[in-house]
Amino acid sequence: MSKKPFYITTPIYYPSGNPHIGHCYTTVACDSIARFKRMQGYDVMFLTGTDEHGLKIEQKAVEKGVTPKEFVDVIVDRFKSLWKYMNVDYDRFIRTTDDYHVEAVQKIFKTLYDKGYIYKGEYSGKYCTPCESFWTDSQLDENGCCPECHRPVAMAKEEAYFFKMSPFAERIEKLLTETDFLRPKTRATELVNNFIKPGLEDLCVSRTTFKWGIPVTFDEGHVVYVWIDALSNYITAMGYMNGAYDDMNKFWPADVHMVAKDIMRFHAIIWPAILMALELPLPKHLAVHGWITFNGEKMSKSLGNVVDPFVLGERYGCDAIRYHILREMALGADSSFSNEILINRINSDLANGFGNLVSRTVAMADKYFGGILPSDRESAEIDEDFKAVVLNAFAETEKAMEETKIKQALEAIFKAVDRANKYIDETEPWKLGKDDSKKGRLASVLYNLLDAIRIISALLSPFMPSTMPKVWEQIGASDDDITYDKLSKFGVLPENVKVCKGEILFPRIDVEKEIEALNDIIKKNMETAQSNLSAEEKGEAKPDEDSGQEIELAPEICIDDFAKVEIRAAKVISAEKVKKSDKLLCLQLDDGMGGRQVVSGIAQYYAPEDLVGKTIQLIANLKPVKLRGVESFGMICAADTADGVKVIFLDDSIPAGAKIR
Ligand code: ME8
């Protein structure tokens with residue numbers, strides 16, 4: 001029987017700067033889905049690639065004194081080596097400079113023109129050069145700048161071809177609101193209200209002001225402008241209007257396009273319109289995820305806050321990075337990146353959770369039975385509950401993956417990991433091991449654990465493909481034991497399974513040392529970005545240095561007045577800069593009462609990571625206020641000094657919530 005096809009794509013990335021963790025998210029997410037589908041027996045096509053044309057690339061190449069193609073070649077290689085490093089197993093890599101794509105885009109453009117969907121006109125509007133985007137007035141940010149990069153825009157006018165959007169408005173609205181195309185579907189409202197209801201604007205699809213693009217065959221001087229060139233990659237890479245491949249029938253329509261929210265509109269509205277105009281079927285799902293943010297800002301090269309995935313991979317291994325980013329990001333929501341969360345995740349889930357489960361189980365099988373389990377077994381009632389939880393994790397994972405909900409899939413699998421560790425605590429194998437009459441029971445417990453690890457590790461293998469083969473070696477699982485059809489049942493490992501002690505899968509990380517090392521790296525990145533800012537932007541305005549001034553006290557109060565102020569100790573769990581503010585940090589505190597958020601004007605004096613883990617004094621009964629639109633529930637105490645503001649740190653032995661008087 002021939003396998004069912006499954007086609008998944010990442011966006012094609014701009015090779016204008018080095019890839020970062022944000023790019024890694026989408027690619028690793030698609031890779032995990034592709035691997036999961038392969039494991040389920042699908043014939044998978046996983047496509048990724050690079051979007052190489054446009055003014056930005058042309059300008060960068062000029063700066064470097066190379067041709068645009070020479071410029072992108074270097075960065076495309078970096079993308080490819082990152083994917084190799086992250087163990088990303090794509091089936092096809094498209095470059096928009098590939099001959100077959102160029103030829104097909106020219107044909108697509110001509111076809112749309114011949115059908116009357118593309119016409120010639122004049123474009124005038126607000127244009128952001130770095131983002132290569134025209135914006136309408138209502139889309140500009142509150143300073144009248146580009147809503148993407150917040151840089152100034154300029155009026156621009158040029159002869160251009162346009163793609164008619166209005167004929168497709170009704171069908172697109174139905175696609176978004178009445179089908180399960182968009183994931184999460186909750187995003188449909190903003191698309192309909194912001195773009196469809198006000199009337200779809202025709203799309204500018206050619207440019208004359210730069211050369212680095214695919215030439216329009218019937219009008220010299222025009223090059224195809226970004227979206228027809230870029231979006232078409234999903235079909236040209238399957239052979240649409242070219243002879244390089246012949247996979248349209250097999251793989252189109254795509255099962256999943258995955259993108260971040262910045263390009264949702266192009267994929268949810270413009271791409272369906274182009275496909276409708278070409279009379280092609282529409283992709284089945286568009287999965288939209290949020291941004292990986294760093295200190296509250298979208299992680300991107302231009303913000304200078306990029307954490308280098310090569311550096312992180314080097315320190316913790318690519319599987320730990322893959323796991324971390326996949327586990328943190330829920331479909332549709334942003335996920336904030338911090339060293340603290342990364343390392344704690346690795347320690348709690350991978351070192352203490354899964355890694356410890358494997359090493360304890362294998363070590364006990366080795367210690368009590370010389371590595372080979374005996375056939376005599378004695379099962380108990382508790383085994384059934386344990387097995388049920390593991391099998392339920394399988395079912396939940398399968399369902400979540402069907403819905404491209406990777407975070408939920410990992411959560412389901414880790415429920416089984418936690419249950420397995422609890423099973424060890426409940427059955428106390430170390431006690432059974434001391435009593436010869438309980439050897440049958442011990443063998444049963446260890447077999448159940450090994451078989452659970454077989455299921456769990458196979459389920460984890462699409463997400464952490466480098467580590468799981470090491471687990472299979474340790475628990476004595478053959479390739480045949482981990483096929484998908486065998487993950488929904490227990491009793492698959494051979495009765496006399498033989499374990500083999502191996503290396504520690506995820507070594508525990510010393511949090512303090514590691515945070516320090518990573519902070520150094522990030523600070524260096526920040527410094528490079530900061531060196532381009534003015535002294536005022538850097539917050540370097542000198543404080544008033546009149547230290548010899550007389551101190552004037554506020555009017556006297558009595559003890560009852562003071563008693564009205566509730567001061568409590570609190571621990572800083574995380575901190576990030578408040579968007580568009582130089583002064584404010586938003587802190588998440590453990591206040592011993594369930595946690596709260598406080599905004600504090602100390603951003604010029606403290607980097608967020610300087611505060612995380614520290615114990616501070618909190619004015620806990622202050623009326624909540626909104627600062628720059630962010631709610632603050634209280635205030636943290638700090639001293640004004642000649643060197644600026646200094647937060648009052650307390651001894652860390654003081655517990656969160658302790659009353660200060
Ligand atoms: O937009 N968090 O390319 P691009 C999460 N060439 N994902 C992120 C991210 C972040 N901080 N930063 C980038 C383009 N991404 C076009 C696409 S497709 C036909 C053309 C990921 O290099 C995310 O998938 O700017 C986002 O959609 C994509 O990179 C944008 O990549």
Side-chain angles (χ1 to χ4, degrees), residues 8-31 33 47-57 60 72 75-76 78-79 82-83 86 88 93-97 101 105 108 128 130-133 148-149 187 203 213 224-237 254 256-272 274-275 283 286-309 324-326 328-338 404 406-407:
I8 183 165
T9 69
T10 72
I12 45 171
Y13 302 108
Y14 288 127
S16 56
N18 286 342
H20 54 73
I21 284 283
H23 299 117
C24 278
Y25 177 76
T26 325
T27 316
V28 165
C30 288
D31 181 58
I33 296 171
L47 175 74
T48 188
T50 42
D51 182 4
E52 306 187 5
H53 295 118
L55 182 61
K56 209 185 321 182
I57 302 272
K60 290 211 167 183
V72 291
I75 300 177
V76 170
R78 286 197 200 130
F79 271 90
L82 180 60
W83 302 151
M86 285 285 149
V88 168
F93 191 103
I94 184 169
R95 300 183 56 173
T96 53
T97 48
H101 175 77
V105 166
I108 290 170
C128 172
C131 295
E132 292 176 26
S133 298
E148 294 268 304
C149 72
R187 284 208 175 268
L203 179 74
V224 177
Y225 177 50
V226 59
W227 289 104
I228 288 198
D229 175 3
L231 290 162
S232 300
N233 91 87
Y234 303 130
I235 48 178
T236 63
V256 177
H257 290 313
M258 187 175 282
V259 301
K261 60 187 181 182
D262 51 347
I263 53 174
M264 168 173 74
R265 170 167 74 103
F266 302 103
H267 285 77
I269 296 179
I270 291 166
W271 183 222
I274 295 172
L275 290 166
L286 173 64
V288 181
H289 60 79
W291 285 333
I292 296 190
T293 60
F294 188 81
N295 293 343
E297 293 272 313
K298 179 191 174 200
M299 192 176 280
S300 78
K301 199 73 203 167
S302 54
L303 289 166
N305 56 14
V306 177
V307 181
D308 187 339
H324 171 66
I325 55 180
L326 295 175
E328 290 302 322
M329 177 87 82
L331 205 60
D334 285 349
S335 104
S336 140
F337 185 92
S338 92
T404 48
I406 296 177
K407 180 182 163 79

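Start at 1 and go down the list; that is how both ligands and their atoms are numbered.
- Ligand 1 lies out of reach of W271, whose nearest heavy atom is not under 4.0 Å from it.
- Using a 4.5 Å heavy-atom cutoff, the side chains of T26 and Y13 are in contact.
- E328 is not listed as a side-chain neighbour of I292, based on a closest heavy-atom distance of 4.5 Å or more.
- With ligand atoms numbered from 1 in the order given, ligand 1 contributes 6 (N), 16 (C), 20 (C) to contacts under 4.0 Å with heavy atoms of D51.
- In this structure the side chain of M86 never reaches within 4.5 angstrom of the side chain of D31, judged on heavy atoms.
- For the pair P283/L275, a side-chain contact is recorded, criterion being any heavy-atom separation below 4.5 Å from C-beta on.
- In this structure the side chain of V226 never reaches within 4.5 angstrom of the side chain of F266, judged on heavy atoms.
- A side chain to side chain donor-acceptor pair (under 3.5 Å) with H101 is found for one member of T96, N233, D229 and no other, namely D229.
- Residue contacts with ligand 1: M258 is excluded, as none of its non-hydrogen atoms falls under 4.0 Å.
- Residue contact annotation: H20 has a non-hydrogen atom under 4.0 Å from ligand 1.
- Considering only heavy atoms from C-beta on, P11 comes within 4.5 Å of I263 through its side chain.
- For D262, every heavy-atom contact with ligand 1 shorter than 4.0 Å involves the side chain, none the backbone.
- Taking every heavy atom of H289 and a limit of under 4.0 angstrom, the matching atoms of ligand 1 come to 5 (C), 7 (N), 24 (O).
- Taking every non-hydrogen atom of T26 and a distance limit under 4.0 Å, the qualifying atoms of ligand 1 come out as 21 (C), 23 (C), 24 (O).
- Under 4.0 angstrom from ligand 1, there are no non-hydrogen atoms of Y25.
- Applying the 4.0 Å criterion to heavy atoms of W227 picks out, from ligand 1, the atoms 20 (C).
- Contact annotation: F266 has no heavy atom less than 4.0 Å from any atom of ligand 1.
- Residue G290 has at least one heavy-atom neighbour below 4.0 Å for each of these atoms of ligand 1: 5 (C).
- For atom 16 (C) of ligand 1, the nearest non-hydrogen atom from the set I12, I263, T9 belongs to I12.
- Listed by number with element, the atoms of ligand 1 under 4.0 angstrom from any heavy atom of Y234 are 18 (S), 19 (C).
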